[in-house]
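Fair warning: this is a prediction, and the values are worked out from it, not measured in the lab. Below, all heavy atoms of this structure are taken into account, side chains as well, without hydrogens, waters or symmetry copies. Sequence positions, counted from 1, serve as the residue numbers for this chain.
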Amino acid sequence: LARKREMLRRKRELEWGNASASQRHVDEQGNNWTYVIVDDHFARVTGCIPATDTLEIPAELGGLPVLAIGPDACARLDDITLIVCPDTVEAVGSCAFRECPNLRSVILPPKVAEFSASWLSHCHALEELVLPGMLETLESAVFDNGCLKRLHIGPWVRTVVPGAFEKTQIRELVLDEVNSHLKSDGTALYSADGSVLIALCRPVRHYDILNGCQKVAKKAFCNMAALE
């Protein structure tokens, strides 16, 4: 509980600090970034005019670390296929990457502890998603676009909401090797000791439950109509 309170406090600080006037920076790839300096302490990205089809958000702007990506900062970029967030980012604003029609892959920041479907709304070409590194709970909103093929689950995920995979169409599931809360065979998620089958994650026709499993969690096979 104390950790969650601290995370909420930190999020408010990142989103509501005193911001400078808008500034600009052109990176080595020619991408034109707009940003503000917050509390003379860090930078928040507010916009981008890309020059390439792959976008690596800078880790530093104006000589300060980029700790936040603002609302709609990388939205409606027609030619972008890949977005990579830097390790420095701790907060992502609403709708940050929405309506990028050719966006196929997104790597979200390892220091972010939430996921919002608004970030990627109407990104209908999205195939690969690396979830935020500090995310603890996996919910069905991850699959709102309906086209995801590869999902990377981070080291902190410990809770999977029943029915979280009911909209899944993924073909590849990757669980971070240092995740000590869950176990995966690439098709399903289990408790760390393998005693509970938490969710079938990929649509398959046949599935053999791992030896040692003693319990199947609620909605573990939710909407898996392909199973025979």
Pro155 meets the side chain to side chain contact (heavy atoms under 4.5 Å, CB included) criterion, sequence neighbours left out, with Asp176, Val178
I'd like to check the side chain to side chain contact (heavy atoms under 4.5 Å, CB included) partners of Pro203; sequence neighbours left out, ordered by chain and number. Thr168, Gln169
Can you name the residues that form a side chain to side chain contact (heavy atoms under 4.5 Å, CB included) with Arg202, not counting sequence neighbours? Ile170, Thr187, Val204
Could you work out, with side chain to side chain contact (heavy atoms under 4.5 Å, CB included) as the rule, every residue matching Asp208, not counting sequence neighbours? none
Review item, side-chain donor-acceptor pairs of residues 146-154, under 3.5 Å, at least two apart:
| from | atom 1 | to | atom 2 | distance (Å) |
| --- | --- | --- | --- | --- |
| Lys149 | NZ | Cys147 | O | 3.0 |
| His152 | NE2 | Glu128 | OE2 | 2.8 |

Apply ring pair (Phe, Tyr, Trp, His ring centres under 6.0 Å) to His124 and list each qualifying residue two or more places apart in sequence or on a separate chain. His122
Would you mind listing every ring-ring contact (aromatic ring centres under 6.0 Å, His included) that reaches into residues 81-116, with sequence neighbours excluded? Phe115-Trp119
N/O donor-acceptor pair under 3.5 Å between Thr34 side chain and Gly47 backbone: yes
ring-ring contact (aromatic ring centres under 6.0 Å, His included) partners of residues 165-207, not counting sequence neighbours, each pair once: Phe143-Phe165
So, using salt bridge (charged side-chain N to carboxylate O under 4.0 Å, His left out) as the criterion, who are the partners of Asp87 when residues are at least two apart? none
Would you check if the side chain of Ser140 reaches a backbone N or O of Ala164 as a donor-acceptor pair within less than 3.5 Å? no
Checking Ser118 side chain against Ser94 main chain: does a donor-acceptor pair fall under 3.5 Å? no
Compile the donor-acceptor pairs under 3.5 Å between side chains in residues 68-82 and protein atoms, sequence neighbours left out, one pair per line.
| from | atom 1 | to | atom 2 | distance (Å) |
| --- | --- | --- | --- | --- |
| Asp72 | OD1 | Arg98 | NE | 2.7 |
| Asp72 | OD1 | Arg98 | NH2 | 3.2 |
| Asp72 | OD2 | Arg98 | NH2 | 3.0 |
| Arg76 | NE | Glu99 | OE1 | 3.1 |
| Thr81 | OG1 | Asp53 | O | 3.1 |

Residue pairs involving residues 22-57 (criterion ring-ring contact (aromatic ring centres under 6.0 Å, His included); sequence neighbours excluded): none
Would you please name every residue forming a salt bridge (charged side-chain N to carboxylate O under 4.0 Å, His left out) with Glu228, sequence neighbours left out? Arg205
